[in-house]
Amino acid sequence: MPGLSNKLKHTYNQRLDLVQPSSIRSFDQKVSSIDGLIKLTLGEPDLDTPEHIKAAAIKAIETNQSHYTAQPGTLALRQAIQSYLKEFHQLNYDAQGEIIATVGATEAIYAIFETLINPGDKIIIPTPVFGLYEPIVTMLGGQVVEIDTSLTGFKLTAEALEAALVEHGEAVKAVLLCYPNNPTGVALIDQEVQALADVIKKHAIFVLSDEIYSDLVYQAEHHSIAQLLPEQTIYISGVSKSYAMTGWRIGFVAGPREFITQLTKVHAFMVTCPSSIDQAAAAEAFAHGSRDFLAMRETYRERRDYLAQALADLDFEVVMPEGAFYLFVKIPAIFNQDDTDFALQLAYQAKVGVIPGSAFGKGGQGYVRLSYASSLDALHKAVEQIKQALAQGKLVPGKE
């Protein structure tokens with residue numbers, strides 16, 4: 001096996017030294033080898049991709065749809081996304097020039113930042129939030145302005161946003177919104193979205209709205225800021241969460257034509273186009289899959305209601321999720337330890353895998369995230385094992 005020449009050991013993008021591998025994946029990998037662990041770590045639905053969507057992929061293979069597609073994605077997929085956005089989210093985008101299919105929402109996010117950021121540009125990111133955005137901004141030479149939302153119900157307020165914009169001035173190029181939120185499940189009501197829009201429209205900035213969980217909202221109708229500020233909004237979503245299609249890797253971006261034109265350049269150089277077979281499956285999902293995500297939403301609602309109440313009965317303080325499939329739980333003060341140590345205790349002593357809240361930024365410290373994308377049976381077992389560990393005194397400060 002060849003080793004790297006000593007002459008080349010420091011020949012790479014030096015900004016990589018500023019970022020670490022995914023904290024979520026790293027922690028998951030660390031505890032996954034524990035025998036008998038119930039994994040509530042990742043946002044991986046245990047449900048199967050619906051049969052009619054799989055059939056669309058099989059048909060695409062059988063009819064030899066195995067060639068390059070248009071770089072923004074097949075017209076059939078973009079038209080299905082256009083219709084889906086109009087019917088379910090009251091958004092009007094043209095399949096010809098305002099929508100682009102990507103290799104998951106992950107590529108969408110990277111390509112957007114690559115299109116947007118010049119060295120020194122600042123991006124406002126409310127925390128806690130999924131740990132993907134900040135490393136990408138850093139690698140591209142941008143700077144992250146974190147806003148801790150833990151004291152405002154895990155919601156970005158108009159007042160906090162305005163204060164950050166005043167403080168950082170014209171260096172700010174965008175604010176990122178992720179609602180329903182990962183890791184908290186918090187969603188914004190229409191008045192809160194309107195208040196943020198009123199602030200943003202006064203400034204020459206984009207709003208990057210990651211709405212991958214928008215079809216998994218429990219209490220009320222989802223409100224997208226793209227309804228209010230389409231001229232400034234870059235909208236991100238995909239099929240991973242709502243259709244149990246995480247491995248199919250199809251996301252999309254919708255936005256003003258001028259921005260999508262620039263974004264398509266970046267996307268084309270990165271991936272050429274998404275998989276043609278996966279695009280056929282995603283087109284079927286968006287065109288005929290509304291019953292699927294509605295049924296999945298009810299499944300997740302049942303799991304949420306059980307897990308939230310069960311943990312509250314064990315004296316955990318629970319942030320009641322209004323969307324997505326995560327429960328954010330405050331570590332009881334009696335444990336007097338950081339979230340990583342507590343998560344390790346749960347893994348080793350209760351055999352339950354969760355993610356430390358600090359993996360999601362400053363606003364997540366002192367919490368842990370549990371995914372209820374796992375089966376109801378797994379959730380019952382997890383609660384029982386936590387209950388037993390508490391009763392047996394296995395969960396104590398400083399003990400794994």
Side-chain angles (χ1 to χ4, degrees), residues 72-73 78-102 105 107-118 121-126 133 137 140 142 145 147 155-166 168-180 187-212 214 221-238 251-267 286:
R78 286 179 282 133
Q79 288 175 332
I81 293 170
Q82 174 182 318
S83 297
Y84 154 81
L85 288 174
K86 185 172 184 178
E87 179 177 359
F88 294 101
H89 298 290
Q90 297 76 55
L91 299 174
N92 294 300
Y93 291 101
D94 189 344
Q96 297 276 20
E98 296 177 351
I99 296 171
I100 178 173
T102 58
E107 189 238 321
I109 293 163
Y110 195 102
I112 288 168
F113 283 135
E114 182 73 82
T115 303
L116 183 63
I117 293 174
N118 290 299
D121 286 347
K122 295 183 178 182
I123 307 296
I124 294 175
I125 300 180
Y133 314 107
V137 172
L140 294 173
V145 176
I147 297 179
K155 297 181 179 184
L156 176 64
T157 65
E159 293 77 14
L161 176 57
E162 181 64 48
L165 288 168
V166 169
H168 295 278
E170 295 182 358
V172 177
K173 294 300 181 291
V175 55
L176 180 119
L177 301 181
C178 175
Y179 295 101
L188 301 179
I189 62 174
D190 55 352
Q191 295 95 327
E192 293 165 336
V193 177
Q194 182 66 65
L196 291 173
D198 289 342
V199 171
I200 292 167
K201 68 183 179 182
K202 297 186 296 183
H203 299 268
I205 63 170
F206 282 104
V207 52
L208 313 182
S209 192
D210 186 347
E211 303 188 27
I212 193 72
S214 60
E221 182 181 350
H222 173 69
H223 297 276
S224 173
I225 198 166
Q227 297 169 346
L228 304 174
L229 286 179
E231 69 278 10
Q232 288 178 256
T233 301
I234 309 301
Y235 182 101
I236 306 161
S237 193
F252 71 86
V253 182
R257 185 178 303 270
E258 295 84 355
F259 185 85
I260 296 298
T261 297
Q262 298 297 332
L263 177 68
T264 302
K265 297 179 190 178
V266 175
H267 160 81
F286 283 122

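All figures in this text were calculated on a predicted structure; none of them were measured in a lab. The analysis underlying the following values was restricted to heavy atoms, covering all of them including side chains, and did not include hydrogens, waters or symmetry mates.
- For the atom pair NE2 of H222 and CD of Q90, the computed distance is 10.0 Å after rounding to the nearest 0.5 Å.
- For the atom pair D121 CG and K173 NZ, the distance stands at 4.0 Å (nearest 0.5 Å).
- Note on ring orientation: taking the six-membered ring where Trp is involved, the planes of Y235 and F252 are parallel (angle under 30°, cut-offs 30° and 60°).
- Note that CD of E114 is 5.0 Å distant from CG of L140, once rounded to the nearest 0.5 Å.
- Residues L85 and F286 are not in side-chain contact: their nearest non-hydrogen atoms beyond the backbone lie 4.5 Å or more apart.
- Residue L176 is tested with L208, I236, V207 for a side chain to side chain contact (heavy atoms under 4.5 Å, CB included); the sole match is L208.
- Counting heavy atoms from C-beta outward, L156 and V175 have side chains that approach closer than 4.5 Å.
- Using a 4.5 Å heavy-atom threshold, the side chains of I234 and P256 count as touching.
- Contact record, S237 with A105: O-CB, 4.2 Å, taken as the closest heavy-atom pair.
- Rounding to the nearest 0.5 Å places CG of L196 at 12.0 Å from CD of Q191.
- Q232 places a side-chain N or O within 3.5 Å of a backbone atom of H203 that can act as its donor or acceptor partner.
- Evaluation of the salt bridge (Lys or Arg N to Asp or Glu O under 4.0 Å) test over residues 201-210, restricted to residues two or more places apart or in two chains, returns E162-K202, D198-K201.
- No side-chain heavy atom of H223 sits less than 4.5 Å from a side-chain heavy atom of L228.
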Exercise. Given F113 and I123, is the side-chain contact (heavy atoms from CB on, under 4.5 Å) satisfied, shown in steps?
Worked result: CA-CA 9 Å; F113 283 135; I123 307 296; 4.0 Å; yes
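- Atom CZ of R257 and atom CD of Q96 lie 8.0 Å apart (nearest 0.5 Å).
- In this structure the side chain of L161 reaches within 4.5 angstrom of the side chain of I200, judged on heavy atoms.
- What you find for S214 and Y84 is that their closest heavy atoms are OG-OH, 4.1 Å.
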For this session: Test I124 against I205 for side-chain contact (heavy atoms from CB on, under 4.5 Å), laying out the working first.
Result: CA-CA 10 Å; I124 294 175; I205 63 170; 5.9 Å; no
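- Nearest heavy atom pair, residue A108 against residue T102, reads CB-OG1, 3.5 Å.
- At a cut-off of 3.5 Å, with distance as the only test, no side-chain donor of E211 or H89 sits close to an acceptor on the other residue.
- Side-chain N or O atoms of K122 include none that pairs as donor or acceptor with a backbone N or O of G142 at under 3.5 Å.
- Atom OG1 of residue T233 and atom CZ of residue F259 lie 11.5 Å apart, to the nearest 0.5 angstrom.
- Contact record, N92 with E98: O-OE1, 4.3 Å, taken as the closest heavy-atom pair.
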